[in-house]
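Comments concern the structure below.
Residue numbering restarts at 1 for every chain, and letters A, B, ... go by the order of the sequence lines.
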Amino acid sequence: MSTSQRLNELYERLLEAYGPLNWWPGDSPFEVMVGAVLTQNTNWGNVEKAIANLKEAGALSLAAMSRLEPARLAGLIRPAGYYNLKAKRLANLLAMINQRYEGDLEWLFASPLEEMRRALMEVKGVGPETADSICLYAADKPVFVIDAYTFRILGRHGLAEEDMGYFELQELFMDALPHDPAMFNQFHAMLVHLGKDRCKKSNPRCEGCPAQDW
DNA sequence: CTCCAGTACG
DNA sequence: CGTACCGGAG
């Protein structure tokens, strides 16, 4: 079976097992974008606490967050860990949008995928996964997000080599699947769910896994 | 490869 | 207690 066929089969299996997941949690595109930075190497539960703090402080908008003192922002996002680093990364991101897009999120999100992606990647602290997460989940653009779960799951099933990079793995998916944001969203969401639920780093639960014998 | 750094869970 | 967490930069 070809790689493309295998990926499509995995999608069908996961959809059968999990159904529609309706990702990414967030009340607004701005909140989704902020969440993408805060969740870098961090448990989502901790990110939710940080976002709750930002909401309470009325800081969950581009204009409001841009006006915060760095130390104040860091204090609010403390529960997400790496708070000094992430406060700086958020500030870098907001500065880019304020400068290049005149503080207009709609403008950034309405620009073509490749342009938006490049603009995000130029921000210090925004790498490929964070940029793609923002493009897909905040701006609804057709790009497949690769993460540690995807590497682990595909590695364990012989579809990803040890030395494979982010873009190589992304190509695998983008070449095999229709470029549909809703489908990419659902697929990645299910991979994350599978990674948490079954394909854990240690003690994976393979019995009864939707991807068993895949 | 190391640092960043708080939280939850076994 | 150790491990892991929807990574990225130096």
Side-chain angles (χ1 to χ4, degrees), chain A residues 10-11 14 18 20-27 29-54 70-96 117-141 143-156 160 162-170 173 181 183-205 211:
Chain A
L10 178 60
Y11 178 77
L14 293 177
Y18 296 143
L21 292 179
N22 200 11
W23 244 32
W24 169 310
D27 295 340
F30 183 76
E31 181 177 329
V32 172
M33 181 175 74
V34 170
V37 173
L38 293 180
T39 199
Q40 290 171 353
N41 199 34
T42 298
N43 185 287
W44 182 253
N46 295 346
V47 175
E48 288 182 318
K49 292 174 185 174
I51 289 182
N53 288 345
L54 291 169
R72 169 76 170 139
L73 177 56
L76 291 171
I77 64 173
R78 195 168 202 277
Y82 307 99
Y83 50 91
N84 287 318
L85 182 61
K86 287 174 180 175
K88 182 60 181 168
R89 289 179 176 182
L90 284 172
N92 292 342
L93 178 57
L94 301 185
M96 184 279 287
R117 206 175 178 293
R118 243 180 296 143
L120 290 170
M121 290 278 290
E122 283 177 26
V123 175
K124 188 177 295 184
V126 176
E129 180 177 343
T130 304
D132 287 341
S133 293
I134 294 170
C135 289
L136 177 63
Y137 290 107
D140 200 37
K141 298 196 180 296
V143 62
F144 200 90
V145 178
I146 302 298
D147 59 16
Y149 293 123
T150 313
F151 273 103
R152 192 158 73 217
I153 293 163
L154 267 67
R156 283 178 175 168
E162 290 294 332
D163 59 340
M164 203 175 272
Y166 184 93
F167 297 107
E168 289 175 86
L169 199 52
Q170 184 176 52
F173 284 89
M183 197 267 191
F184 285 169
N185 180 326
Q186 172 69 14
F187 202 166
H188 179 242
M190 293 192 299
L191 286 170
V192 172
H193 189 67
L194 183 69
K196 288 173 174 310
D197 176 42
R198 294 281 185 176
C199 211
K200 295 182 288 186
K201 193 162 185 177
S202 27
N203 306 317
R205 302 191 307 123

Between A/R78 and B/dC4, is there a contact of a side-chain N or O with OP1 or OP2 at under 4.0 Å? no
Checking A/R198 against A/I153 for the side chain to side chain contact (heavy atoms under 4.5 Å, CB included) test, could you report, in this order, the C-alpha distance in whole Å, the side-chain angles of both residues, the deciding distance, and whether it holds? CA-CA 10 Å; A/R198 294 281 185 176; A/I153 293 163; over 6 Å; no
Take atom [atom1] of [X] and atom [atom2] of [N], then tell me their distance rounded to the nearest Å.
X	N	atom1	atom2	answer
A/N92	C/dG8	CG	P	14 Å
A/K196	B/dG10	NZ	P	14 Å
A/N84	B/dC3	CG	C1'	13 Å
A/Y137	C/dG7	OH	C1'	16 Å
A/N203	B/dC9	CG	C1'	13 Å
A/L90	C/dG7	CG	P	15 Å
A/R198	C/dA4	CZ	P	19 Å
A/F151	C/dA4	CZ	C1'	18 Å

Using the side-chain heavy atoms of [X], tell me which of these nucleotides is nearest: [options].
X	options	result
A/P128	C/dG8, C/dA4, B/dA5	C/dG8
A/Y83	B/dC4, B/dA5, C/dT3	B/dA5
A/K124	C/dA4, C/dG7, C/dG10	C/dG10

Who pairs with A/E168 by salt bridge (charged side-chain N to carboxylate O under 4.0 Å, His left out), at least two apart in sequence or on another chain?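 If we apply the salt bridge (charged side-chain N to carboxylate O under 4.0 Å, His left out) test to A/E168, skipping adjacent residues, there are no hits.
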Can you list, by residue number, the residues of residues 33-50 of chain A that have a non-hydrogen atom closer than 4.0 angstrom to DNA chain B? A/N46, A/K49
Using a heavy-atom cut-off of under 4.0 Å over every strand shown, decide if A/K86 touches base, sugar-phosphate, or nothing.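 Since no nucleic acid heavy atom lies under 4.0 Å of A/K86, the category is nothing.
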Which part of the nucleic acid does A/S133 contact within heavy-atom distance under 4.0 Å: base, sugar-phosphate only, or nothing? nothing
For A/G125 and A/S202, find the nucleotide of DNA chain C closest to each by heavy atoms; which residue's nucleotide sits nearer the 5' end?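 Per heavy-atom nearest nucleotide, the more 5' residue is A/S202.
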Report, as yes or no, whether the 6.0 Å neighbourhood of atom CZ on A/R72 holds more than 12 heavy atoms from other residues, nucleotides or ligands.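 Check fails, neighbour count at 12 or below.
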Supply the atom-to-atom distance A/L136 CG to A/R117 CZ, rounded to the nearest 0.5 angstrom.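 If I round to the nearest 0.5 Å, the distance is 11.5 Å.
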From CA spacing to verdict: side chain to side chain contact (heavy atoms under 4.5 Å, CB included), A/M96, A/L120: CA-CA 8 Å; A/M96 184 279 287; A/L120 290 170; 4.1 Å; yes
For B/dA5 and C/dG10, measure between their P atoms and round to the nearest Å.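 These two P atoms come out 15 Å apart once rounded.
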side-chain contact (heavy atoms from CB on, under 4.5 Å) partner of A/V34, chosen from A/V32, A/V37, A/L38: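 It is A/L38; the other options fail the test.
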Would you call the rings of A/Y137 and A/W24 parallel, tilted or perpendicular if under 30° counts as parallel and over 60° as perpendicular? tilted
